[in-house]
Amino acid sequence: MKILIITGNLAYPAILDIVKDSNKEVIVHKANTQIAAFLTPNQIIKEIKNNIQDQLDDVDVILVPGLIRRSTDKIAEELNIPTFKGPTDCADLGMVIDLIDNLNLATDKPADRLIEEEKRKRAFNFIKDFESDSQKREELLKKPNNILVGKLAVGEDFPIRVLSEIANAPSLPKERLIKKAKHFVESGSDMIDIGMAAGEDNSDMIPDLIKTLRPIVGDRPLSIDTLNPNEIKVAVENGIDLVLSVDLGHAKELVPLLKKYDVPAVLLPTNFAVNKVPHTVDERLEYIDELIGYCSKYSPEDEPIDFIADLILDPVNSSSITDSLIACKKFKENNPYPLFFGVGNVTELLDTDSTGANALLAGIAMEIGASVLFTPEESGKNEGSVYELAIASKMMFLAKHRSSIPKDLGINLLRFKDKKQRADILGEEMYEDQSNIKHIIAKESKRFILDRAGSFKIRVNYAENLEDRSIIVTHFKKTVPDIVVEGKYPKEIYDELVKQGLVSRMDHAAYLGSELQKAQIAMITGKEYVQDFELFDKPINFNED
């Protein structure tokens, strides 16, 4: 196969280096432009006809820069040669050339994005096919390490299930309760937990809580988080699918009830009735074994209820996260039963962005053999944790089945950094002639002139569903609001502001562009946006006195 690659002055040396060892015949043509992405289809047609028309006879395919704005259809039609977009970054060109025989390139999408989309599609299809294989599901459910929670298969042989908690559910207005449940469903939660208030008895509210949430969660199981026997009894009688939790203090009372209604429970290695809480690895294992024995003793016909063991994952530098992980690992080495992993215990009490922490904890959970990842979203830094764990769970399931590390799976949790280190082909050292380039060190102007067209107040609408979020800009004329413009993207908003004649100064226009971009970043990431303030803290300078 013979490939013609069109590029610009800046990327040309890097591309020559990339293709020099290719097993394909490659022609690289340097168009008369510094930056290849600025080329248009008409310019490319003209460039090829004027300069390399005589080299087109044996060319099988033309690759143009992935970042050109328009489709390549016109080029293909004019030159009668299939023409497609290459990758967005020339560093990925080698990969595209290697895969070109088996890659369905596009005229309107960059090649590297097509590869990622295909990987993503295959990843989700693999999980979907696994989950929909009813015969395999029934076979796996015969094993003691898998159970049914409602209609959901939970256990070591299935993807780790994400259980999201609606904390303090009895105190929430019905509208807020429904909104929270919808958010968790849309975030990919497998099960929804009704978090009750510790030290209270809200048994009378439970039937209505369950009735309210059932239509929202659909086939997803509902659980209840309480140690109050009265609340557990009412919940079980009203169709709850899972009880969080049973401990040594009330196992004798509750296990026969759970067996009667065939409701599984999360078992805690505690006895809060007498302040019995484990601190060491051995105590955790001893208490949970004792509780499992209780379940056998008080279940009819000596058949234990279905349960998920919770060895209690501790926060960092509390009792000991290391000991709790060791206890989890030892438990799974000696028992086939499903394991509960309280991820929120760690992330809610750790001042770091939740994304990486959730992914790492999901990976540890997969290695140990845990079956449930549990989290609320009670703090700003933990917002989005349910979605993050839903993605992380799928990543770990794919890695486990592929016997690979969780990398290049087709799905990822990269939000703030790129996977690849990009080549700096646009650095100033790439300009051949720098003699006429003036280098200026930027300085902020302290001068401020009010725009006669008016001023703006910018805010972000932080809807729980990302698709419903927006940027709201209110225009003020002499301190009186007169126009509100709402949108999702900075360009559509500032285009509208300009069209409405609401900006008359260049410095004000530049300011608006900067603030709108900040607002969009905040809208996507969940960072708090406050107009005129920075989104991110400055990095710590470790060399300061």
Side-chain angles (χ1 to χ4, degrees), residues 160-168 193 195-200 223 225-228 244-249 265-292 307-335 337-386 388-389 392-393 396 540:
I160 310 177
R161 306 307 188 182
V162 178
L163 174 56
S164 50
E165 182 187 35
I166 303 174
N168 296 310
D193 180 64
M196 302 302 287
E200 298 180 11
S223 67
D225 190 357
T226 178
L227 284 168
N228 184 317
L244 277 68
S245 301
V246 172
D247 82 346
L248 289 163
V266 173
L267 304 186
L268 281 178
T270 61
N271 186 340
F272 284 109
V274 293
N275 255 357
K276 189 177 181 181
V277 179
H279 296 290
T280 67
V281 172
D282 289 340
E283 284 178 336
R284 292 173 199 258
L285 296 171
E286 177 189 337
Y287 293 177
I288 201 74
D289 284 344
E290 184 180 350
L291 185 52
I292 291 172
F307 61 83
I308 305 168
D310 182 1
L311 278 293
I312 307 176
L313 187 62
D314 284 328
V316 174
N317 204 34
S318 58
S319 178
S320 173
I321 187 174
T322 305
D323 281 352
S324 60
L325 289 171
I326 292 171
C328 289
K329 191 171 190 303
K330 285 190 172 183
F331 175 82
K332 284 302 295 181
E333 287 172 351
N334 298 312
N335 296 278
Y337 310 117
L339 179 67
F340 188 93
F341 212 65
V343 173
N345 293 354
V346 178
T347 54
E348 286 286 357
L349 299 171
L350 180 66
D351 274 349
T352 187
D353 292 324
S354 63
T355 311
N358 279 325
L360 181 60
L361 288 166
I364 293 170
M366 181 268 288
E367 284 199 3
I368 289 173
S371 301
V372 175
L373 301 171
F374 177 76
T375 191
E377 286 188 5
E378 285 301 291
S379 63
K381 67 178 185 292
N382 222 32
E383 183 182 352
S385 277
V386 172
E388 292 160 9
L389 288 172
S393 166
M396 301 312 156
I540 294 171

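We use all heavy atoms of the structure for the numbers below, so side chains are in, but hydrogens, waters and symmetry mates are not.
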Please report the interatomic distance CZ(F331) to CD1(I292), rounded to the nearest 0.5 Å. 4.0 Å

From T270 OG1 over to I288 CD1, what is the distance, rounded to the nearest 0.5 angstrom? 8.5 Å

Between D247 (side chain) and F272 (backbone), is there a donor-acceptor pair under 3.5 Å? yes

Between atom OG1 of T347 and atom CG of L361, what is the distance when rounded to the nearest 0.5 Å? 7.0 Å

All heavy atoms of N334 vs all of K330, minimum pair found to be ND2-O, 3.0 Å

List the steps, then state whether side chain to side chain contact (heavy atoms under 4.5 Å, CB included) holds for M196 with N228. CA-CA 9 Å; M196 302 302 287; N228 184 317; over 6 Å; no

Quick check: closest heavy atoms across M396 and A359, and the distance to 0.1 Å? CE-O, 3.5 Å

Heavy-atom distance under 4.5 Å between the side chains of L389 and V343, does that happen here? yes

Can you see which heavy atom on L285 is nearest to which on A327, and at what distance? CD2-O, 3.5 Å

Calculate, to the nearest 0.5 Å, the distance between atoms SG and CG belonging to C328 and L339 respectively. 4.5 Å

To the nearest 0.5 Å, how far apart are CD in E290 and CG in N271? 8.0 Å

Less than 4.5 Å apart, any side-chain heavy atom of V346 and any of I321? yes

Between A365 and F341, what is the shortest heavy-atom contact and its length? CB-CD2, 3.6 Å

Salt bridge or not for K276 and E283, using N-O below 4.0 Å? no

Between CD1 of I326 and OG1 of T280, what distance do you get to the nearest 0.5 Å? 11.0 Å

Is a donor on one side and an acceptor on the other found under 3.5 Å between the side chain of N335 and the backbone of Y337? no

Check: residues 366-376 side-chain donor-acceptor pairs under 3.5 Å, at least two apart:
unit_1, atom_1, unit_2, atom_2, d
S371, OG, E156, N, 3.3

Over all atoms of both residues, closest heavy-atom pair of F340 and L163: CE1-CD2, 3.9 Å

Any side-chain to backbone donor/acceptor pair from N345 onto L313? Under 3.5 Å, distance only. yes

Taking atom types as modelled and ignoring hydrogens, do the side chains of T355 and E388 form a donor-acceptor contact shorter than 3.5 angstrom? yes

Salt-bridged, D314 to R284, with N to O below 4.0 Å? yes

Would you say E333 and K329 make side-chain contact, with heavy atoms under 4.5 Å? yes

Any sub-3.5 Å donor-acceptor pair from S164's side-chain atoms to V386's backbone N or O? no

Pair E348-N382, side-chain donor/acceptor within less than 3.5 Å: yes

Note: L291 and L268 closest approach over all heavy atoms is CD2-O, 3.1 Å

Does D353 pair with K381 as a salt bridge, N-O distance under 4.0 Å? no

